[in-house]
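These notes concern the structure reproduced below.
Each chain gets a letter, A, B and so on, in the order the sequences are listed, and its residues count up from 1.
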Amino acid sequence: MDQNQRPKTLLDSLGEEIIRILAPVSICMFLVVLLVSILNSNSSTSVTSIATIAYAETSSDSSWDKFVGALLNSLAFVAVVTVVTFILVLLFYLRCTKFLKIYMGFSSFVVLGFMGGEIALIFIEKFSVPIDCITFLVVLFNFAAVGVLAVFMSQMAIFVTQGYLVLIGMLVAYWFTLLPEWTTWVLLVAMALYDLAAVLLPVGPLRLLVELAVSRDEDIPALVYEARPVTHRDSGSGENTVQRRVWRERRNVRQDLEDNLNLNGNVVSDANSSVGTVQSSHNDTRIARVEEGQVSERDAELSAPLIDHRMNGQDGTSAESLVLEGMGLGSSGAIKLGLGDFIFYSVLVGRAAMYDFMAVYACYLAIVAGLGITLMLLAFYQKALPALPVSIALESICQQC
Amino acid sequence: MEASQAPSNATPNPNPNNDFTNNGNSILSSTPVWPTIDGPFGLSEEESLSYARRFYKFGYALLPWLWAVNCFYFWPVLRHSRSFPRIRPYVLRSAVGFTVFSALLSSWALTFAIGGERLFGPIWDQLVMYNVADQLGLTGWS
């Protein structure tokens, strides 16, 4: 029925795929910039958290003091992240998936409920919105509960799940921008380095997690943004059926696994090829604030490569080599992007928004260029590629200007 | 609400593998095959039934937004009034529940916001959110 239709070129489908992943990243960044510019008129906000236990930055310290303090903070942060990740690996090894699932749902509820609630409270106080506490509590409870269900259950409306993932990324990124300035920059670099180390070193927790998941042929629990798969009009009905079935199979496998926040993980799939490939995502952790006696908790987010054997059997290609970092290729033609990347990019842009808007624009261009380049390279090489270095390189160049 | 137990006139094929060929030839081309808004990426009909029922029941825990998401997710069921007779009651009741609850909540919120102190007296100050947040010290960092 489609003989008259021009077959889609690589650029057509790739362009659509890129748009489908660039749009939510841009929306997340835009929302964070909006929040920062609206809510941050006062510069003296000090947030006590794990990321600032070693050193609380004040504006009167010298640059070297600030740098050393930020370094100590980042080291403390990375140390806690490592410990929690190892605990997660242990739990995964002991197959305590139920506990992990409950814990992940609980942490999503904390992010959406408490962080979202506090940001809403700041907004209300700033603009003196005459809302009463009953309405506020009901609305917040609804928002958080449906959000937990959306990211928890693998079969919710795609639009709702994507929307909530973007919102979670936005909330965490905004919270990160409240950290002191030097701490933020050094922390980002430290997390990127930790990520590389944890994935590449044979003793790294992420690598252990990957190998565990691969050996058991299980899915790694992670909060991953999954774009809607591109349907090919020019393929026959048989292939569509196969793709659909594989999509559903994958989602069923993931149904009884919990979700974690997924930082620095980039998984891109090539819609044109129906090759079973490797997805990789990265571990990361998220912090809850320590304030007024609230216990601070860390959530370790897991990421690991997955091998999907169940793709279209016509290729006969077996599983690709394990690629442990950066971007990979997913199955069933859906682009997946780790939520950590959302947060990473949004924190960068949000920080830039505290200076002026030209910096925001430059950073946004750098990030989009980095992401686009990585996606293009992924499509051409069909291998996993690290997504962060390109963005970081462009970003630092822009910062120097 | 129509008699929901009557056998359906539309025949949504529960076997998803044949649906593409069947739907192309079907005379009832307005009949949706997939009960969810995601189409082929969504749920099959049997799973949809359990999901719709579960969303509807959870919505009673003061979650009208869940009812709204339920209606959004099963929008083809609402739009085509003769399809999916088993799912439709739950989605309809979710829609009704959402409208009733949101009408109540918004009327209360608007009364509170517009009436203000003139209507409520001193208790308005005790109920309004920014005062409550100040009292409880919820935004201790600002």
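The cationic group of Arg54(B) lies under 6.0 Å from the six-membered ring centre of Tyr51(B) and within 45° of the ring axis, placing it in a cation-pi geometry.
Neither the backbone nor the side chain of Phe74(B) comes within contact range of chain A; no heavy atom of the residue lies under 4.5 Å from a heavy atom of that chain. Interface remark: Phe141(A) contributes backbone and side-chain atoms alike to the contact with chain B (heavy atom separation under 4.5 Å). Proximity to chain B is limited to the side chain of Ile134(A), based on heavy atoms less than 4.5 angstrom apart. Interface residue Val69(B): only side-chain heavy atoms are found under 4.5 Å from chain A.
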Notebook entry, point to check: Could you go step by step and tell me if Val138(A) and Phe101(B) meet the side chain to side chain contact (heavy atoms under 4.5 Å, CB included) rule?
Noted result: CA-CA 11 Å; Val138(A) 169; Phe101(B) 199 105; 4.3 Å; yes

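Ranked by heavy-atom pairs shorter than 4.5 Å toward chain A, the options Ser106(B), Pro64(B), Ala109(B) are led by Pro64(B). Comparing Phe58(B), Trp124(B), Trp108(B) by heavy-atom pairs within less than 4.5 Å of chain A, the highest count is held by Trp108(B).
Between the side chain of Trp65(B) and the backbone N or O of Val146(A), no donor-acceptor pair lies under 3.5 Å. Checking side-chain atoms of Ser128(A) against main-chain N and O of Ile124(A) turns up no donor-acceptor pair under 3.5 Å.
Atom CZ of Phe143(A) sits in a crowded spot, with more than 12 heavy atoms from other residues, nucleotides or ligands closer than 6.0 Å.
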